[in-house]
Amino acid sequence: MNSNVSIRLACDRVNIPLISDESKSQRLFTPGEVVTSQQGFMRGHGTYMEDDTIKSSVAGVMVQVNKLITVKALKGRYVGEIGDVVVARVTEVQEKRWKVDTNSRLDSMLLLSSVNLPGGELRRRGVEDEKQMRKYLQEGDLISAEVQNVHSDGTLSLHTRSLKYGKLAQGILVKVFPSLIQRRKTHFHNLPCGASIILGNNGFIWISPMMNSEGGEGGGFTQNLDDVVTKEDRQTIARLRNCILALAHCKMMLYDTSILYAYEESQKYEVSELLHQECMTDIAFLTQHRLRVLECKVRIRITGKAKSTDTMEGILVFDQTNDLIYHNFNEAMREKMSKQAYDLGLLDEESVCPTQELNSNVLIQIFSPLLASQRIMMCQFDNAYTAIQMENNLNVVFDEVSRRSEAFLGYIFLEISTKEVDLVKRELGAFIAFIKYICGPNIFTIKNDTTKAEHLTELILTYRELYAINQGVLMEAIEQLLVNVDVKSTVVNALQAATDRLKQDPHSQRSHSLLFVGSKFLARYSTRQAQELAAVDMFFLSTLCQMYNRRSAAHRQRIESRIVFLQGSVHQSYAGCVPHIVHVVQLFEHVSLVLVIEHAHTALASHLYDVYFALHKLQNLQSQFDLDNLRGAFDALEAYAKHTQDALRKVKAHNAEVDECIRTFGVRWDTLRKKYADYFKASDNALIVKIESNMPMFVESVKELFRLLCASCATLEHGLQRVSDIADVAEASLKEGLFLFLLRTYMEEFPGMVHFMHIDRYNGRIVAPSLDDHDPSDILKDRIWSMVDFSRTYLDKGYMSMIWKDVTFSYAYFLWFEDEHGATLKPNEPASHGAVLPATKPSLTAGILAGDYYQRLIESCFPRTPSSKVRCYELFLVHLGLVTSTIVLEHCRRLAVTITDLTGCIGNPIDLL
């Protein structure tokens, strides 16, 4: 007798784990293995405590939510959650209930009262209904249902009240591990191949011929076994079943898209061949490849590199009483919020209009449960949420309000978006920086000042657009424009003349004059008495210029003026909140002259800002009942208040309103100080209530003082004529020599190099070849953005030098430190890989807007060296894929020296060998 035997050699065996996405792979913990030995974490399901360490009790992957650690088992029984869709089999008919198997530890229950009667009739279930239970469902029947409740012992209570649930007719049941079923918005799918599929969260998958979307008249109990399923349908169902088993065999997540891709890739095989190991692996590999391509396209769309109207994004700001003081939604998010309000019954059908802004009271009701939970977690547990993932790929990101000095007096900032969490965190950090620049510490003014609110909205929209196309905004640094000596001298002379003319005004003795060409910085001239500008201030002014330049001609004015609050250099006497008047003058097309004039009382503004910060810390300690540290916080407030009163004595306002405000500030501070003194003497917690009743009045006096003396300028409009005259003179002097730019490129001296970015983090300047901001399909630009994301991921883990490549390009990233004389510094205490920062210092994203990440890095690596004496540099390189690592390192050294010659700044890279 002849027969065919299939022989599989061991050398041809496929390594199934290679199919999994390495970038998303998680470490597998075995029972008894230590998950973490760090203190301060709470253990969850799948873990236990032993010897002050958290150990795994199951084989699975770790899931961490803030400080709660759980281990999710890869293989195991189904653990149900309310709202899960399940496919189950009836095992027993009992009194007024059916016992069903849902692949969980215990049998689940389906009550008679939890099912629809035939025809969808609504009435109480009686004795007759109980007698006919076997007529509805009997042993062996398969049903689809939804988890209604989870009892304390783990028993699940199901219901089939919707007509989409009920008895299942002809089809195939496939069983997989529940951990392979991906949770989606819907688990009922009619696939284009001509079959219907129900993906049960319990690991039971039902495949059947195409189902009608409308329910029948049987209330979910009809079962038509008379219809003949055609051979084509049976082959389709069998193919789908084998494709699901192939994906499950390779440990791939099962959802409608992955199953459909696997079905399409399986067409080259016969149905029976799909049971062979090689065919299963081949299908899984091709499916994974298509899913990765789809994920890349989605990521490009979400990050804004390809325009899409589907991206939803919105920002909200709430005060201490959960009152909404600012919100901004794009069209897609506004439509989503309108639908949510309608579903919750907050809007009637006539009031729903997606094109109009939602009422603040409606938004407060939608978000109030989330805000209440956030404040409880923050005040009682000091473990506030940082991000929450919701359905429809929505991510809610919170600012770390309890740990960040920019979180003024308990305000909550949150952004809700379909973008990736890291990008949303970066955008929210930029928004908080912008609101600080526009409003200073008193951000409540944004509620009633529509001009500031519109300005803030325009700023964040400009940042979002530029982040996707401009490499300077991507790196949060200013692109340095390199020109020859003659042009540089002409520009500096023009800026010096502008500054000298400004000094003729007695109110403009401390000023800066800057010139921007498009998004690039050309030159700056400052008076001797002026406060030094921080790198983040320069970046903000650059963003401000680009915002004005992007306006249409109908909305653009030659001179734009406003009051802003710059940070100033941390090495100056007064920093954090320095009031300035900023005039942005458009001289030529994309050429802007920026005049920055120190305004009001610099020392007073700085001291009031410190008072805000101290009040915020005090309120946090009192809300958390951390009374042990209250004395130190009060001493800091008392010192700042004394400095403020000393500065107020030098104020000569000649204004009755200002004099009254100063007097009120002194009276309320004396009252509050006496309340604290009484508490420290008696240690009576009842006195805290009296303190909290007096605190709002003192806060209001601080706000009013800041508004009158720091946030207003009566001469703002009066000085526009002088600014216009200065602009005319500067325009005439720059008209001849401004276009003699040095256009020489140095790329030819580095064979194989495609692009580079050199960033001086001390000055916040970037030197790089120009990219086309208006070409969204630029492949090189996509690779550069991906390179930056990749390097930032590993920089957070402590890696400061790395080289990697793909099929087309080779990439390199280097970060090094130097002293003020250009000598290389090696970190005394390098950042440990994967290290977690202390709880007192919130994590920062790589950049300067949301907090100076590189300043923190210097403090971590050189704890015994003053940060002002350390310089930080970054270098990104893109080469063709054939270039070796040795050549990349050589180019790194030579390029740093070349940039030093061009910019005149010291910048020699660390010896990487």
Side-chain angles (χ1 to χ4, degrees), residues 22-23 296 470-472 474-477 479-480 482 744-763 765-772 778-818 822-827 830-831 833 846-847 853-854 857 861 870-903 905-913:
E22 183 179 354
S23 63
C296 291
N470 186 282
Q471 56 187 347
L474 172 69
M475 302 309 303
E476 295 189 5
E479 288 191 71
Q480 177 73 57
L482 303 178
R744 178 186 174 189
T745 176
Y746 287 83
M747 298 293 289
E748 297 176 356
E749 300 180 9
F750 302 93
M753 183 186 295
V754 180
H755 191 75
F756 72 88
M757 293 187 294
H758 179 278
I759 304 100
D760 178 357
R761 285 300 175 185
Y762 182 79
N763 296 312
R765 309 287 171 80
I766 174 175
V767 177
S770 298
L771 294 174
D772 187 0
D778 190 350
I779 297 178
L780 176 60
K781 188 184 296 184
D782 288 339
R783 299 295 176 88
I784 293 173
W785 262 247
S786 299
M787 170 185 66
V788 172
D789 291 340
F790 182 86
S791 63
R792 283 172 173 170
T793 300
Y794 280 90
L795 178 61
D796 288 338
K797 300 177 181 179
Y799 297 93
M800 298 183 185
S801 301
M802 59 194 83
I803 299 177
W804 71 100
K805 61 174 58 181
D806 57 19
V807 179
T808 310
F809 297 110
S810 174
Y811 309 94
Y813 170 73
F814 306 104
L815 183 145
W816 70 95
F817 305 97
E818 300 175 3
T824 298
L825 297 177
K826 292 188 177 181
H833 303 309
Y853 178 92
Y854 301 94
L857 190 62
C861 295
V870 181
R871 307 291 186 262
C872 179
Y873 298 91
E874 288 182 294
L875 181 61
F876 293 85
L877 298 172
V878 183
H879 288 78
L880 296 177
L882 299 177
V883 176
T884 63
S885 300
T886 304
I887 296 177
V888 171
L889 293 174
E890 179 62 25
H891 284 182
C892 170
R893 296 187 180 91
R894 290 174 50 203
L895 185 61
V897 175
T898 302
I899 293 175
T900 302
D901 296 337
L902 290 174
T903 61
C905 299
I906 299 174
N908 301 314
I910 195 170
D911 188 355
L912 300 172
L913 297 179

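Computation of the quantities below employed the complete heavy-atom set of this structure, encompassing side-chain atoms and omitting hydrogens, waters and symmetry-equivalent molecules.
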Under 3.5 Å side-chain donor-acceptor pair for Glu476 and Tyr853 = no

Minimal heavy-atom distance between Val767 and Phe756, with the atoms involved, is O-CE1, 3.5 Å

With under 30° as parallel and over 60° as perpendicular, where do the rings of Tyr873 and Trp816 fit, or are they tilted in between?
-> parallel

Worked verdict on Val788 versus Gln471 for side-chain contact (heavy atoms from CB on, under 4.5 Å) = CA-CA 10 Å; Val788 172; Gln471 56 187 347; over 6 Å; no

Roughly how far, to the nearest 0.5 Å, is the CD1 atom of Ile766 from the NE2 atom of His758?
-> 10.0 Å

Spacing of SG belonging to Cys872 relative to CE belonging to Met800, to within rounding of 0.5 Å | 8.0 Å

Please round to the nearest 0.5 Å and tell me the distance separating atom OH of Tyr813 and atom CZ of Arg792.
-> 9.0 Å

Considering non-hydrogen atoms only, spot the tightest contact between Ala477 and Arg761 and give its length.
-> CB-NH1, 4.2 Å

Quick one: pull up CD in Gln480 and CG in Asp760 and give me the separation to the nearest 0.5 Å.
-> 9.5 Å

Where Thr808 and Asp806 come nearest, the two heavy atoms and their spacing = N-OD1, 3.0 Å

Check the pair Val754, Arg783 against side-chain contact (heavy atoms from CB on, under 4.5 Å), reporting the backbone distance first and the verdict last.
-> CA-CA 11 Å; Val754 180; Arg783 299 295 176 88; over 6 Å; no

Which atom names give the shortest non-hydrogen contact between Trp804 and Met802, and what distance separates them?
-> CZ3-CG, 3.4 Å

Closest contact, heavy atoms only, Ala812 versus Val888 = CB-CG1, 3.5 Å

Out of curiosity, Phe814 CZ to Arg893 CZ, how far, rounded to the nearest 0.5 Å?
-> 8.5 Å

Student check: side-chain heavy atoms of Leu877 and Tyr811 closer than 4.5 Å | no

Say you draw a straight line from OG of Ser801 to CG of Leu795; how long is it, rounded to the nearest 0.5 Å?
-> 10.0 Å

Carefully, step by step, assess Phe817 and Leu815 under the rule side-chain contact (heavy atoms from CB on, under 4.5 Å).
-> CA-CA 7 Å; Phe817 305 97; Leu815 183 145; 3.5 Å; yes

Assess whether side-chain contact (heavy atoms from CB on, under 4.5 Å) is satisfied between His755 and Phe876, documenting all intermediate values.
-> CA-CA 8 Å; His755 191 75; Phe876 293 85; over 6 Å; no

Flag the pair Glu479 / Asn470 as yes when at least one side-chain heavy-atom distance between them is below 4.5 Å, and no otherwise.
-> yes

Using a 4.5 Å cut-off on heavy atoms from C-beta on, say whether the side chain of Val878 contacts that of Met787.
-> yes

